[in-house]
Amino acid sequence: MRLVVDASLLVAEVLRKKGQERLLHPELTLYIAEPTWQEVLHELYRRQEIFVAQGKLSAESATRLVADSLRVAEQAIYIMSERWLEPFKEEALWRMPRDPTDWPSVALAIV
């Protein structure tokens with residue numbers, strides 16, 4: 001099964017062991033648009049800081065969690081260049097009028 005993932009779903013799943021197992025399921029082929037991947041990176045590092053600030057994890061544990069999460073995500077997901085999706089931008093914007101910033105993910109789903 002081929003799926004396009006968004007930032008919030010990926011972040012939620014990749015931070016949990018069970019989620020990592022789901023992402024690595026051999027019957028799944030997962031794709032993410034490069035701008036969405038950048039959102040994932042931003043959010044993972046933001047959460048790392050929050051975990052430490054709230055005392056939920058030590059700095060070392062939080063760093064390890066993010067590194068392990070990124071390793072799994074990079075193994076499980078194909079990151080597609082925005083340049084590759086550009087030919088589908090107009091249709092994606094038409095299909096997603098309320099949130100034009102999500103056009104790369106919609107374009108990826110169209111392909």
Side-chain angles (χ1 to χ4, degrees):
M1 177 183 309
R2 292 183 295 177
L3 297 171
V4 174
V5 295
D6 74 347
S8 59
L9 173 116
L10 182 55
V11 169
E13 292 300 309
V14 80
L15 287 172
R16 301 178 307 115
K17 284 292 180 202
K18 194 70 169 171
Q20 291 177 1
E21 292 171 13
R22 285 187 188 113
L23 292 171
L24 293 169
H25 192 285
E27 292 182 19
L28 286 178
T29 305
L30 302 173
Y31 300 89
I32 192 166
E34 196 275 329
T36 310
W37 175 250
Q38 293 304 316
E39 288 179 47
V40 169
L41 295 176
H42 173 78
E43 184 62 22
L44 283 173
Y45 290 118
R46 187 181 77 80
R47 290 198 187 187
Q48 176 181 346
E49 292 173 2
I50 291 170
F51 293 152
V52 173
Q54 292 177 343
K56 292 181 179 180
L57 293 173
S58 68
E60 183 180 318
S61 294
T63 299
R64 191 173 327 110
L65 173 63
V66 169
D68 291 346
S69 297
L70 286 172
R71 198 170 9 265
V72 168
E74 289 170 348
Q75 180 182 349
I77 299 170
Y78 293 97
I79 302 167
M80 306 303 292
S81 166
E82 184 174 342
R83 185 179 39 160
W84 188 81
L85 300 169
E86 191 71 35
F88 305 96
K89 182 177 183 176
E90 187 175 322
E91 182 178 353
L93 287 168
W94 177 79
R95 291 177 180 259
M96 196 72 168
R98 284 189 258 168
D99 193 355
T101 60
D102 280 342
W103 80 260
S105 294
V106 176
L108 186 52
I110 292 168
V111 177

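Nothing fancy with the numbering, it's 1 onward along the sequence.
Y78 is linked by a ring-ring contact (aromatic ring centres under 6.0 Å, His included) to Y31, counting only residues two or more places apart in sequence or in another chain. Taking the side chain to side chain contact (heavy atoms under 4.5 Å, CB included) definition, one finds that I110 meets it with F88, E91, A92, R95, V106, sequence neighbours left out.
When all heavy atoms of P104 and T101 are compared, the closest pair comes out as CD-O, 3.5 Å. Nearest approach of V40 to A7, heavy atoms of both residues: CG2-CA, 3.6 Å. Nearest heavy-atom pair across L24 and A76 is CD2-CB, 3.7 Å. Between P97 and P100, the closest heavy-atom pair is O-CD, 4.0 Å. The nearest pair of heavy atoms linking Y45 to V66 is CE2-CG1, 3.7 Å. For V52 against A62, the heavy-atom pair with the smallest separation is CG2-CB, 3.6 Å.
Taken together through direct or relayed side-chain contacts under 4.5 Å among Ile, Leu, Val, Met, Phe, Trp and Tyr, M96 and I32 form parts of separate hydrophobic clusters. Under the 4.5 Å side-chain heavy-atom criterion for grouping Ile, Leu, Val, Met, Phe, Trp and Tyr, V4 is connected to V111 within one hydrophobic cluster. M80 and L3 sit in two unconnected hydrophobic clusters of ILVMFWY residues. Membership requires side-chain heavy atoms under 4.5 Å apart, directly or through other members.
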Are L65 and Q48 close enough, and set up right, to give a side chain to side chain contact (heavy atoms under 4.5 Å, CB included), and what steps lead you there?
CA-CA 8 Å; L65 173 63; Q48 176 181 346; over 6 Å; no
Please test W37 against E74 for side chain to side chain contact (heavy atoms under 4.5 Å, CB included), starting from the C-alpha separation and ending with a verdict.
CA-CA 10 Å; W37 175 250; E74 289 170 348; 3.8 Å; yes
Could you go through R16 and R22, starting from their C-alpha distance and side-chain angles, then the distance that decides it, and tell me whether this counts as side chain to side chain contact (heavy atoms under 4.5 Å, CB included)?
CA-CA 10 Å; R16 301 178 307 115; R22 285 187 188 113; 3.2 Å; yes
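The residues E43 and R46 are annotated as salt-bridged, a charged nitrogen and a carboxylate oxygen being separated by less than 4.0 angstrom.
Looking only at distances, no side-chain donor or acceptor of D102 sits under 3.5 Å from a matching main-chain atom of S105. Formation of a donor-acceptor pair under 3.5 Å by the Q20 side chain with backbone atoms of V14 is found in this model.
Using a 4.5 Å heavy-atom threshold, the side chains of L70 and L41 count as touching. Side chains of L44 and L15 form a contact here, defined as non-hydrogen atoms less than 4.5 Å apart.
Here the CD-CE distance, from E27 to M1, works out to 8.5 Å after rounding to the nearest 0.5 Å. In this structure, L23 CG and L10 CG are separated by 6.0 Å, a value rounded to the nearest 0.5 Å. Distance CD/E90 to CH2/W103: 11.5 Å, rounded to 0.5 Å.
Screening L108, L30, T36 against V5 for a side chain to side chain contact (heavy atoms under 4.5 Å, CB included) leaves a single residue, L30.
The salt bridge (charged side-chain N to carboxylate O under 4.0 Å, His left out) contacts involving residues 60-72 comprise E60-R64, D68-R71, where partners must be two or more places apart or lie in separate chains.
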